Colleague: 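If you scroll down you'll find the structure; I have some questions about it.
What you are looking at is a predicted structure, and each value in this text was computed from that prediction instead of being measured.
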Amino acid sequence: MTNSERGAGEAARDGHRPAAGADGRPAVTVEDLRLTYGDGTEAVRGVDLRIPQGEFFGFLGPNGAGKTTTIKVLSTLLSPTGGTVGVNGFDVTGVPRKVRESIGYMAQETSIDPELTAEENVRFACEAYGVPRGDRQDRIAELLELVELAAVADKRAEEFSGGMKKRLDAATALVHEPPLVFLDEPTTGLDPKARNRLWEYFEAINDRGTTILLTTQYLEEADRLCDRLAVMLDGAIVAEGSPTELKRRVGGEVLDVDLEGGADARRRAATIAGDFDAFADASVEVTDEGISVTARTARQHGTDLLVALRDAGLTVTGFNVRAPTLDDVFLAITGDGLDDDADAVSSEVSP
Amino acid sequence: MSLAAAVTSGVGLVNDIENGMFEKVLVSPMNRTAVFVGKTAAEVFRIAVQVAIILGLGVVLGAEIATGLVGAAGIVAIGILFSLWFVALSNALAVLTRDQESTIIGANLLQFPLLFLSSAFLPLAALPEWIQTVAMVNPVTYGVDAARALMLDRDVMTVIEVTAFDGALNSVLPGVAVLLALALGLGAVTVTLLTRATSSDVR
């Protein structure tokens with residue numbers, strides 16, 4: 001059973017969820033979205049997108065790629081310069097209030113009121129979204145329980161750690177049980193433990209039938225959470241597919257081997273790796289210290305290659321198997337790595 | 001005094017813009033008029049308490065409100081009305097500039113000339129003619145004269161002569177009318193700005 005099928009089933013069973021879950025209309029439709037900021041920056045240049053209900057969809061890309069801008073258009077915070085955008089069947093420019101009622105939005109910057117307690121923050125959100133008075137007490141308790149903040153419900157938010165603030169922020173975005181939630185880089189700046197807890201929490205929401213659109217700079221995060229991904233670069237989608245499909249384009253994991261000896265030893269090692277049976281689809285590069293092998297089975301058969309190298313009389317001084325990074329994905333997709341300078345400039349114009 | 005308190009209202013909004021709460025409100029289905037009314041109500045309550053404290057202190061120190069308790073309530077009401085237009089103005093500045101310093105500078109820049117070029121500190125007759133002209137179009141004059149008339153129970157308004165009513169009302173009613181019109185006008189501007197407010201400037 002795929003994730004989206006499971007999502008739809010959950011939604012149908014869940015009585016008090018908005019009816020949007022059942023009719024099969026996509027949660028998000030975007031046609032030729034363009035957005036140019038007042039200073040002339042073309043942040044989004046022609047994006048097409050279709051996200052079915054119940055899907056966990058991810059926008060992957062570096063700073064300034066246009067991820068946040070796209071999400072802000074979808075959540076009515078920015079009016080598109082061109083193109084049509086439908087969210088839960090409502091047009092973002094025509095009926096923005098209908099859109100706002102049907103979405104949850106968690107901004108990149110944590111936005112909670114530090115002077116209010118956790119409980120008061122969620123209560124304020126209940127009021128802003130018009131949650132019926134009779135439901136509020138239960139809803140607040142349920143959400144604080146879900147994000148594991150029930151024990152500190154009466155503490156002021158200013159005392160919370162970064163991870164706790166993010167979890168509280170996420171809870172406030174869900175008070176009206178929206179069928180669609182936007183998460184804009186929700187884990188940036190968190191430690192691995194806090195990140196993991198947030199992930200579990202997002203998975204739980206998605207399992208309840210909520211469609212999620214997440215932006216992230218981390219391939220690892222997208223890989224763990226998303227059913228489908230769109231890779232954004234310079235305001236356009238450069239690749240789309242499941243994490244597995246995208247990683248296949250990279251060609252698997254990367255095994256770096258450091259070798260003793262000169263260029264000759266490295267060339268010999270590269271030949272051995274290239275002829276290696278277990279790495280049929282591998283690409284091998286000679287590096288400054290040794291060789292770098294990219295193969296789908298690099299993790300399973302890496303040790304076999306090390307043994308083969310030793311048997312050939314080569315001395316391995318170090319090795320490392322790593323997952324492909326976002327940079328590897330971009331390298332595979334665009335044939336060009338991320339340009340650090342361009343990154344820095346464009347992150348300034350990103351709001 | 002109402003003016004000074006009202007200046008800070010926009011600063012609060014800028015804080016909200018900076019810490020993301022404003023965006024959170026924008027993305028919610030909340031009516032934007034409600035956003036402004038709610039903010040203003042909080043401000044008004046604070047200002048009403050401040051005016052009441054100052055009046056109370058004044059009485060303790062020997063000042064006399066000629067129109068009694070009703071007049072005192074009236075003065076508080078005028079203080080509130082007076083603050084409304086400046087709350088609106090300062091919030092409009094906040095939405096436009098999105099910057100704390102600009103909002104404070106903008107609001108203060110208006111605050112001091114408005115105070116000094118009015119009947120607040122000196123009787124208009126004692127001031128040069130050009131100040132009298134400015135004071136005539138200065139809303140502060142109307143607020144101050146209306147409050148003063150209630151305090152003294154006589155017609156003290158000199159910028160325009162109204163004789164249609166009895167005594168102090170000749171000052172109070174035109175003052176209230178001017179302030180009300182201004183509050184509604186600027187309030188409408190602010191609500192319009194809030195309704196159109198988005199997260200950034202877009203072409």
Colleague: With side chains defined as the heavy atoms from C-beta onward, is the minimum distance between B:Asn31 and A:Arg97 less than 4.5 Å?
Modeller: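 Result yes, sub-4.5 Å side-chain heavy-atom pair found.
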Colleague: Tell me, for A:Ala107 versus chain B, whether the close heavy atoms (under 4.5 Å) come from the side chain, the backbone, both or neither.
Modeller: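 Answer is side chain: those atoms of A:Ala107 sit under 4.5 Å from chain B.
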Colleague: Which bit of A:Ser102 is near chain B, if near means a heavy-atom gap under 4.5 Å: side chain, backbone, both or neither?
Modeller: neither
Colleague: With a cut-off of 6.0 Å (strictly less than), are more than 12 heavy atoms of other residues, nucleotides or ligands near CD of A:Glu127?
Modeller: yes
Colleague: Does A:Arg100 use its side chain to pair, donor to acceptor, with the backbone of B:Leu26 at less than 3.5 Å?
Modeller: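 Here the side-chain-to-backbone pair exists.
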Colleague: Is it the case that atom CG in B:Leu61 sees more than 12 heavy atoms from other parts of the structure closer than 6.0 Å?
Modeller: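 Above 12, so yes.
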Colleague: Checking heavy atoms, do the side chain of B:Val35, its backbone, both or neither come under 4.5 Å from chain A?
Modeller: neither
Colleague: Would you call A:Asp113 and B:Lys24 a salt bridge, taking side-chain N to carboxylate O under 4.0 Å as the test?
Modeller: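 The answer is no: the pair does not qualify as a salt bridge.
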Colleague: How close do A:Ile112 and B:Met21 get, counting heavy atoms only, and between which atoms?
Modeller: C-SD, 3.6 Å
